[in-house]
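Whatever order the structure lists ligands and atoms in, that order sets their numbers, starting from 1.
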Amino acid sequence: MAESAFVVVANRLPVDRIVDADGHDAWRGSPGGLVTALEPVMRKADGAWVGWPGQPDVDVEPFDFDGMHLVPLRLSAEDVERYYEGFSNDTIWPLYHDVIAAPRYRRIWWEAYVRVNRRFAEAAASVAAPGATVWVQDYQLQLVPRMLREARPDLTIGYFHHIPFPAYGLYSQLPWRRQVLEGLLGADVIGFQRVADAGNFARAVRRQLHYETKASGIRIPLPDGTTRRALAKAFPISIDADAYVELAKRADVRARAAEIRASLGNPRTILLGVDRLDYTKGIQHRMKAFGELLAEGRLSVEDVTLVQVASPSRERVGAYMELRDEIELTVGRINGDHDTMDHTAIRYLHQAYPREEMVALYLAADVMLVTALRDGMNLVAKEYVASRLDNRGVLVLSEFAGAADELGTALRINPHDIDGLKDAIMRAVTMSPAEQGRRMRALRRRVREHDVEDWSRDFLHALATFHDEGDAAS
Ligand code: G6P
């Protein structure tokens with residue numbers, strides 16, 4: 001097998017398996033935050049990507065796709081149930097998002113997580129050239145850095161955590177809290193979205209492992225009495241902003257935006273929510289606020305429509321099934337109470353769309369509602385901003401989304417405060433074009449000046465320099 005000097009290890013491959021028009025299996029580039037973020041980096045570096053093809057029991061040989069060398073890892077139906085749906089998405093995901101849903105701690109899930117993490121580590125070790133850089137992605141693979149270091153001490157290992165890292169009081173619930181910290185500390189550089197996430201991690205390391213931490217550095221004692229260092233620091237992720245700008249300029253995309261507005265009856269204001277259907281996103285809070293504004297007559301369906309795209313996600317996990325039922329009940333109630341023959345209150349779409357359609361929606365929307373109860377970053381907020389070439393439109397942004405640290409001129413809200421959220425929606429709906437312009441220009445500057453290429457460059461630069469210094473120090 002060909003060896004690569006640069007290897008990404010992520011739960012998912014950046015492609016989906018589909019059946020093409022002739023009935024043959026084929027691959028299609030898949031959307032999604034992580035993939036969107038890493039695709040350009042991978043293409044430029046000509047690297048390998050180790051990941052799961054997204055379906056159980058799929059056995060595929062490594063292949064090249066769009067300039068990337070893809071190394072598929074087979075997961076059995078039981079692996080998917082215990083490692084992916086179970087430990088990753090029913091234990092770690094809710095725990096790391098401030099226990100919005102109750103995490104379930106099951107020992108058979110943990111055992112599967114260890115086993116599958118080991119297989120990812122072995123696959124990465126087998127494609128990495130001597131002295132290669134391996135970049136491990138996200139919470140599904142927290143044990144991989146240490147496993148890789150043990151197998152291949154020659155490698156430079158980075159890890160990026162795309163979701164929040166919780167406060168110590170919550171983290172300490174995890175029965176395997178020490179093993180997870182030790183797993184992550186196998187990396188030379190451990191990247192987080194926010195300064196607060198890196199701080200929470202360092203505190204957990206101090207409290208649980210009693211290692212010394214100083215600024216962003218962590219000193220890890222080794223069995224032979226020496227120490228090695230790791231860096232835990234914030235590297236906020238971003239988007240391929242130019243790609244959104246290019247799409248927003250396209251005549252067909254702009255025509256589609258006008259078509260969307262017309263199909264909604266040309267309301268004065270379109271509010272937009274775009275999320276994976278996930279309990280962290282505060283979709284119900286947003287709907288509650290909107291429903292009350294309609295009920296109180298502060299907004300009317302003739303003037304305002306809320307478009308809610310909720311893309312299907314993790315549909316076999318119980319908390320997600322319950323959430324879908326709750327949301328669909330709420331949409332039905334609000335629409336039943338307020339729709340007219342010509343106008344709808346909420347246009348709800350439980351579907352995923354290609355990027356062109358998303359940009360058309362961003363162009364059609366006067367107000368973007370990001371009301372997450374907790375979110376690692378929220379790239380949708382950045383996509384909306386990047387697409388607004390006319391410097392108009394209002395971003396309503398939860399202070400609990402990582403993006404709030406950077407996007408200071410958005411209208412900040414606490415989604416738990418329904419009255420505050422309602423007032424913010426009214427402020428957004430009535431905001432003067434001049435104020436929209438002032439705010440949006442500053443937001444756009446930030447997103448264009450710090451895009452996903454800067455993110456990966458910053459991370460990889462820190463990894464390369466830190467590794468060299470570490471060598472010199474030890
Ligand atoms: C978040 C996570 C990613 C994950 C994505 C979609 O953005 O940080 O690691 O890939 O959600 O979730 P899924 O479970 O479908 O991969």
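Using a cut-off of 4.0 Å between Lys/Arg side-chain N and Asp/Glu carboxylate O, Asp90 and Arg314 are scored as not salt-bridged. Ion pairing of Glu111 with Arg115 is absent here, as no side-chain N (NZ or NE/NH1/NH2) approaches a carboxylate O to less than 4.0 Å.
In summary, the atoms of ligand 1 found under 4.0 Å from a heavy atom of Asp138, numbered by their order in the structure, are 2 (C), 3 (C), 8 (O), 9 (O). Ligand 1 places these atoms under 4.0 Å from at least one heavy atom of Arg276: 6 (C), 11 (O). Set against the non-hydrogen atoms of Ile163, the atoms of ligand 1 under 4.0 Å away are 8 (O).
When Glu85, Arg314, Arg12 are ranked by how near their heavy atoms come to atom 1 (C) of ligand 1, first place goes to Arg314. Evaluated by nearest non-hydrogen atom to atom 10 (O) of ligand 1, the leading choice among His162, Gln140, Glu315 is Gln140.
Take Asp25 and apply the salt bridge (Lys or Arg N to Asp or Glu O under 4.0 Å) test, not counting sequence neighbours, and it matches Arg17.
Using the six-membered ring where Trp is involved, Tyr244 and Tyr362 have ring planes that are tilted, between 30° and 60° apart.
If you check the side chains of His161 and Tyr159, you find a donor sitting under 3.5 Å from an acceptor. Using modelled atom types, one finds no donor on one side chain facing an acceptor on the other under 3.5 Å when comparing Asp79 with Tyr84.
No part of Gln137 comes within 4.0 Å of ligand 1, judged by heavy-atom distances.
The shortest N or O to N or O distance between Tyr84 and ligand 1 is below 3.5 Å.
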